[in-house]
Amino acid sequence: MTTAERAFPVAQPQYTGILEWITTTDHKKIGTLYLWTTFLFFLAGGLLAVGMRTQLASAAGTFLTAEQYNAAFTMHGTTMVFLFVVPVWTGFANYVVPLMIGARDMAFPRLNALSYWLLVSGAVVLYSSFLVGPPAAGWTSYVPLATARYSPGFGVDLWILGLTVLGFSSIFAALNMIVTIFALRCPGLTFHRLPLFVWSVLVTSFLLVLAMPFLTVAGVLLLFDRIAGTNFFSVSEGADPLLWQYLFWFFGHPEVYIMILPGFGVVSEVLPVFSRKPIFGYKMIAYSSVAIGFLSFGVFMHHMFVAGIDPVLQVFFMSSTMLIAVPTGVKIFSWLGTIWGGSLRFTTSMLFALGFIVVFVIGGISGVFLGAVPVDVQLSDTYYVIAHIHYVLVGGALFTFFAACYYWIPKMTGRMLSEQLGRLHFLIFFVGFNMAFYPMHQLGLEGMPRRVYQYPQSPEWTSLNFISTIGAYILIVAILIFMWNFVYNVLLGNGRVADDDPWEGDTLEWATASPPPAYNFARIPVVHSARPLKDDLPH
Amino acid sequence: MGPWPNDPLGPSARASADIYWIMFVAAVIVLAIVDGGLLYAGIRFRERPGHVARQFHGHNLLELVWTVVPTIMVISFSVLSFQKLQIINATSTNAEMTIDVEGRQWAWSFSYPKEDRFKLNDGSYLVTGGQLDIPVGTKVRIKLTSPDVIHSFWVPNLGGKKDVVPGRPTETWIEADKPGTYKGQCYEFCGTGHANMLITVVVHPKEEYAAWAQTAVAAANQAANPATKAGRETFLAQACAGCHTVQGTPAQGKVGPDLSRIASQTTPIAGVLSPVNEENLKKWISNPPAVKPGTIMPKLNLTDQQINDIVQWLLTLK
Ligand SMILES: [Cu+2]
């Protein structure tokens, strides 16, 4: 691999210690901050979920009151979506994308720091609601329920304010990412040589920039209604309560892909490396991300099939929803093609990537069921939907998050995680996950509604709910193992020292030291293929 | 009664179940291919001495196949679904009966058609709460309205879930193949009482429906007796209805005892005050904790007049 001389653009940091972290504009430090912060909120959101599962373990549970339960699922959804999954990918992208494209930092380092601190501010605003009474209108905050009349107090106000701040955080981060990927690629790194993780981050960033404003606008209108007495969503003044749903889901559906496309990208990095062969159908995978990006704006009304929308819309959105399964299927088959004929190394990262495929296919298939209107009228707002979103999101975002952790943490910290503990983590996580969420499909078919804190009238739902709760507890064990693995091997420094390229990967992040020095590359790499470390070596 | 795909007990649910099973078969095949492929690859291509990875970047024909075949599959699902959707969406075609349903925080009420068989003495028509009674094999059009937030009406084995949207009337329909009791409830999160917004649909044999209507109207007449109308209205307007059930009225609370036959009750009021008469009822309602410390029923701020009205009405519930 050849390299090129290029002057360092930015001055060295002026502070040390905690002040250095607060003032840093280094993409790796900001990425690290993102990852720590979002993981913390993952734990918070998880705790809320455990509370809910404990409540539902029996038909007339009394662990939580109805109000507490409603607040718990509202904050669980909001936390997982806005404070974990979306920003955790920003964190990984922050750390890895500049490395992968052979850059020394993001295009706008200070904007990058601003994005992170906005994330913290939004989180503080959102969580401060616990002091005054948390929001309890669901993470979707449908009106009129979320209007001042039916949700008095400050909970929903803080929810909106928090999300607005988080929205700006995401938009700034995404703009930064777009410019970075367009402008800072090292010489020779054309779009057809771009690592697939970078491709998916690029598509995700465009989706964020285009979709987020819809949520912000809807939120601000609702906030005006709530505190200034305007009537944007007031039914008695002739407003259509579905307006909120149109706006929310126009953001909300692309949001789903914002959460899982980066995970797809991780899998597209991990599978080839541990299969010892190139990715299958590089272009198809990249283009299918773009196709998914476009289509994701054209399916949003499938969240409203039973809301009383025009039958013509039902048919249009049914077809578009089903169509989006095609590019997703292309990816899945391409991943199968990637491992086919390879020489597979079952590292923890690889196991999570393969586990992702198993889980995600189930989520994709249940999505097609939900996309068919005649089936959806029988499934919407039941536990089947809860099963579906968790197979999609835990599969698409959490399995892939762990795959990314085991894959990149050695690069980030210079220490290897334990593979033994990692495999145990995977095994327990996989079992716990399926135990917690598979039964929900059946519960949904049996008619159990989502968002109910008790079901005394249907004690026949108890056994499946109980199994699900046990599954949730098993997931706690898996997470604890992961945390111990990290603490023992990385924080306490007991792990093996990671060399520059421990997995024999062939993208540019493996060309620099582990952890990478400030500004990543002393000399800027020049690449001649999509696998610079492999193909460029003879040069 | 099994889950609706196994036991679709009405034409609408059946239309959904038909599609469900077609897709189910396709789903099993796709799952088998992907998971089978993974398993095979995992064993066959695992790293081991002497095994080297084959280096290739793609396969045009395969890629074409797995783009085109799924496309054809989803298009056929869409077409089939489109046909079934016509059945599900045909809420008014050939409907033999129309029920106006109001979903509100946190109860349902069902207004029966303005026909003689449902007419009460005061000229109004039968309204029930929580429970809907319909004849078997009859297409019933369900018109949905809400005075507050969004709710959703669904009885799983009968089909056709539909949101109840304030300011925007919606409708669905149900028809039951067999007499029996069908469970349903509210499916759109609507606040604190969402979990308690239950629906019971009782399906009567056709020949018994007229008799049911007669009893229901008689009960409602009794409840709506003009002499005790004020009491009934106070009862419904006060918190009482949230905790107590009185058959034939929208009061369907489940916290306290059913008061539908309170006047002919032989056991003591709340197990402590005997007999059930005007004096004791007044005593109880004006201050329950004073009569029975620790009772769940609270002291409500009612005037003597209101208490009197309520008790006069309760005494007619035999
Ligand atoms: Cu409701």
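Throughout, a chain's letter reflects where its sequence line sits, starting with A, and its residues are numbered from 1.
- We find the CH2-CD1 distance between W244(A) and I150(B) to be 11.5 Å, quoted to the nearest 0.5 Å.
- The two residues R451(A) and H194(B) have their closest heavy-atom pair at O-CD2, 3.2 Å.
- Contact annotation for L198(B): only side-chain heavy atoms (C-beta onward) come within less than 4.5 Å of a heavy atom of chain A.
- Electrostatic pairing of E460(A) and K183(B) counts as a salt bridge here, judged by a charged N lying under 4.0 Å from a carboxylate O.
- In this structure, T71(B) OG1 and L323(A) CG are separated by 6.5 Å, a value rounded to the nearest 0.5 Å.
- Both the backbone and the side chain of V330(A) come within less than 4.5 Å of a heavy atom of chain B.
- Using a 4.5 Å cut-off between heavy atoms, Y40(B) contacts chain A through its side chain alone, with no backbone atom that close.
- When R54(B), M23(B), M73(B), R46(B) are compared by the number of non-hydrogen pairs under 4.5 Å with chain A, M23(B) comes out ahead.
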* CA sep, side-chain torsions, deciding dist, call: D148(B), Y150(A), side chain to side chain contact (heavy atoms under 4.5 Å, CB included) -> CA-CA 8 Å; D148(B) 42 48; Y150(A) 302 104; 3.2 Å; yes
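- Residue contact with chain B, scored on non-hydrogen atoms closer than 4.5 Å, is absent for M350(A).
- For the set Q105(B), R48(B), K254(B), the count of heavy-atom pairs under 4.5 angstrom toward chain A peaks at Q105(B).
- For Q55(B) (side chain) and R276(A) (main-chain N/O), a donor-acceptor pair under 3.5 Å exists by modelled atom type.
- When atom types are taken as modelled, the side chain of K161(B) and the backbone of S380(A) share a donor-acceptor pair closer than 3.5 angstrom.
- Shown here for G160(B) and Q378(A), the closest heavy-atom pair between the two residues is N-OE1, 3.2 Å.
- Neither the backbone nor the side chain of A26(B) comes within contact range of chain A; no heavy atom of the residue lies under 4.5 Å from a heavy atom of that chain.
- With a threshold of 4.5 angstrom between heavy atoms, W154(B) approaches chain A through side-chain atoms but not through N, CA, C or O.
- Taking both residues in full, the closest heavy atoms of F45(B) and I339(A) are given as CD1-O, 3.9 Å, listed atom of the first, atom of the second, then distance.
- Considering only heavy-atom pairs separated by less than 4.5 Å from chain A, the leading option among R44(B), K84(B), H59(B) is H59(B).
- No part of S366(A) comes within reach of chain B, as not one of its non-hydrogen atoms sits under 4.5 angstrom from that chain.
- Neither the backbone nor the side chain of A146(A) comes within less than 4.5 Å of any heavy atom of chain B.
- The part of V52(B) that comes within reach of chain A is its backbone (N, CA, C, O), which places non-hydrogen atoms under 4.5 angstrom from that chain.
- Annotation for A27(B) and F369(A): closest pair CB-CE1, 3.8 Å, computed over non-hydrogen atoms.
- When heavy atoms are compared at a cutoff of 4.5 Å, P8(B) does not approach chain A at all.
- Note on G37(B), S146(B), G167(B), G193(B): by heavy-atom pairs under 4.5 Å with chain A, the leading option is G37(B).
- Both the backbone and the side chain of L379(A) come within contact range of chain B, each with at least one heavy atom under 4.5 Å from a heavy atom of that chain.
- With hydrogens and angles disregarded, no donor-acceptor distance shorter than 3.5 Å links the side chain of E446(A) to the backbone of G2(B).
- Around atom CD1 of I296(B), no more than 12 heavy atoms belonging to other residues, nucleotides or ligands sit under 6.0 Å away.
- Relative orientation of the F280(A) and F56(B) rings is perpendicular, given thresholds of 30° and 60° on the angle between their planes.
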* **Y187(B)/V306(A) under side chain to side chain contact (heavy atoms under 4.5 Å, CB included): CA gap, chis, key distance, verdict** => CA-CA 11 Å; Y187(B) 280 83; V306(A) 301; over 6 Å; no
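- Here L336(A) is the residue among L336(A), T321(A), I279(A) with the most heavy-atom pairs under 4.5 Å with chain B.
- Chain A forms the most heavy-atom pairs under 4.5 Å with one residue out of I19(B), T170(B), L38(B), and that residue is L38(B).
- Comparing P5(B), A15(B), A17(B), S81(B) by how many heavy-atom pairs each has under 4.5 Å with chain A, the most go to S81(B).
- Heavy atoms of R168(B) lying under 4.5 Å from chain A belong exclusively to its side chain.
- Contacts between I88(B) and chain A at a heavy-atom distance below 4.5 Å involve the side chain alone, from C-beta outward.
- The parts of E63(B) that come within reach of chain A are both its backbone and its side chain, each placing non-hydrogen atoms under 4.5 angstrom from that chain.
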